[in-house]
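Just below is one structure, and these are the notes that go with it.
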Amino acid sequence: APGSLLDAASELLQGNEPGEALGLLETLAQEEPGNLGVQGRMELVRVRLLAEFRRRLCDGIAVPQLRIGPDEMLKFNLPADAGFVLSSIDGTTSVNDLVQVSGLDPFEVMRTCCRLLDAGIIEVHP
């Protein structure tokens, strides 16, 4: 039920798990595209997460570098946008520049970089 997903997302937010909450809200937004309450909550969570991503990525000036080789990357089942961001990482381009060249939503580029960081696929240097 949509209400229970919304309740679960609220609980995750209260438990300081905005990333998981956003996942539920995104699912809910697909089920109910016209629900402005869901859209509003999603935007609030995105703002909160973006601040965290910016902090982790040195406000976008961090330069991501690959930590693993191409063979090891095949072990990860990366979504297309993650593969695209990963293919743009050359060890000299900052996160802000990746946002510019990718043409993707800045939030998604930063979220992808943080996920790659968490997975140990990249590291960042200010």
Side-chain angles (χ1 to χ4, degrees):
S4 60
L5 270 182
L6 202 52
D7 291 342
S10 295
E11 284 180 29
L12 286 167
L13 275 172
Q14 289 170 353
N16 203 23
E17 296 184 52
E20 289 78 3
L22 183 60
L24 288 181
L25 289 168
E26 287 171 337
T27 298
L28 200 50
Q30 287 176 346
E31 292 174 7
E32 298 181 32
N35 187 326
L36 294 180
V38 171
Q39 296 294 332
R41 280 201 178 126
M42 219 164 63
E43 282 310 306
L44 289 172
V45 174
R46 284 172 60 103
V47 166
R48 181 171 158 188
L49 282 169
L50 187 58
E52 172 68 12
F53 298 158
R54 285 193 166 291
R55 184 191 63 73
R56 291 186 63 199
L57 299 170
C58 308
D59 222 15
I61 61 166
V63 175
Q65 294 182 319
L66 297 177
R67 292 187 66 214
I68 62 175
D71 304 344
E72 291 179 80
M73 275 183 233
L74 296 175
K75 292 188 286 187
F76 294 92
N77 188 13
L78 297 173
D81 58 340
F84 181 72
V85 170
L86 199 55
S87 71
S88 303
I89 293 175
D90 61 8
T92 61
T93 305
S94 73
V95 172
N96 285 336
D97 289 340
L98 286 176
V99 167
Q100 294 298 315
V101 299
S102 74
L104 299 172
D105 174 16
F107 176 86
E108 291 303 329
V109 174
M110 291 198 168
R111 175 160 70 169
T112 298
C113 285
C114 285
R115 286 178 170 170
L116 293 171
L117 196 59
D118 291 341
I121 297 173
I122 65 169
E123 59 191 11
V124 294
H125 302 282

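Hydrogens, waters and symmetry mates are skipped; everything else that's a heavy atom, side chains included, is used.
- Here the closest non-hydrogen pair linking Ile61 and Ser94 is O-CB, 3.8 Å.
- Of all heavy-atom pairs spanning Val124 and Arg56, the tightest one is CG2-O, 4.1 Å.
- Taking CE from Met42 and CG from Leu44, the interatomic distance works out to 11.0 Å, rounded to the nearest 0.5 Å.
- Under 4.0 Å is where a charged nitrogen must lie from a carboxylate oxygen, and between Arg111 and Asp81 no such pair does.
- Note that the CD atom of Gln39 and the CZ atom of Arg46 stand 10.0 Å from one another [nearest 0.5 Å].
- Note that the CG atom of Leu25 and the CD atom of Gln30 stand 11.5 Å from one another [nearest 0.5 Å].
- A single hydrophobic cluster is not seen to contain both Val47 and Leu24; linkage of ILVMFWY side chains at heavy-atom distances under 4.5 Å, directly or through other members, places them apart.
- Under the 4.5 Å side-chain criterion, counting only non-hydrogen atoms from C-beta, Leu5 is in contact with Glu31.
- No donor-acceptor pair under 3.5 Å is formed between the side chain of Thr93 and the backbone N or O of Ile89.
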- Message: What verdict does the side-chain contact (heavy atoms from CB on, under 4.5 Å) test give for Cys113 and Leu98, after you've listed the backbone C-alpha separation in whole Å, the side-chain angles of each residue and the deciding distance to 0.1 Å?
- Response: CA-CA 10 Å; Cys113 285; Leu98 286 176; 4.2 Å; yes
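- Here the closest heavy-atom approach between residue Gly19 and residue Leu49 is recorded as N-CD2, 3.8 Å.
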- Check against side-chain contact (heavy atoms from CB on, under 4.5 Å), Ile68 and Lys75: CA-CA 11 Å; Ile68 62 175; Lys75 292 188 286 187; over 6 Å; no
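- Atom CD in Gln65 sits 15.0 Å away from atom CD1 in Ile121 (nearest 0.5 Å).
- Between Val99 and Asp105, every side-chain heavy-atom pair lies at or beyond the 4.5 Å cut-off.
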- Query: Between Arg115 and Ile122, does a side-chain contact (heavy atoms from CB on, under 4.5 Å) hold up when you go through it step by step?
  - Reply: CA-CA 9 Å; Arg115 286 178 170 170; Ile122 65 169; over 6 Å; no
- Task: Could you walk me through whether Leu86 and Phe76 pass the side-chain contact (heavy atoms from CB on, under 4.5 Å) test, one step at a time?
- Result: CA-CA 12 Å; Leu86 199 55; Phe76 294 92; over 6 Å; no
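- Note that the CD atom of Glu11 and the OG atom of Ser4 stand 10.5 Å from one another [nearest 0.5 Å].
- In the model, Thr92 has a side-chain atom that pairs as donor or acceptor with a side-chain atom of Asp90 under 3.5 Å.
- In plain terms, the two heavy atoms of Ala9 and Ala21 that are nearest each other are O-CB, 3.5 Å.
- The hydrophobic clustering, which links ILVMFWY residues whose side-chain heavy atoms are closer than 4.5 Å, places Leu104 and Met110 together.
- Put simply, the side chain of Leu117 does not reach to within 4.5 Å of the side chain of Arg67, judged on heavy atoms.
- Residues Asn35 and Leu28 form no side-chain contact, since every pair of their non-hydrogen atoms from C-beta on lies 4.5 Å or further apart.
- Under the 4.5 Å side-chain criterion, counting only non-hydrogen atoms from C-beta, Leu13 is in contact with Pro18.
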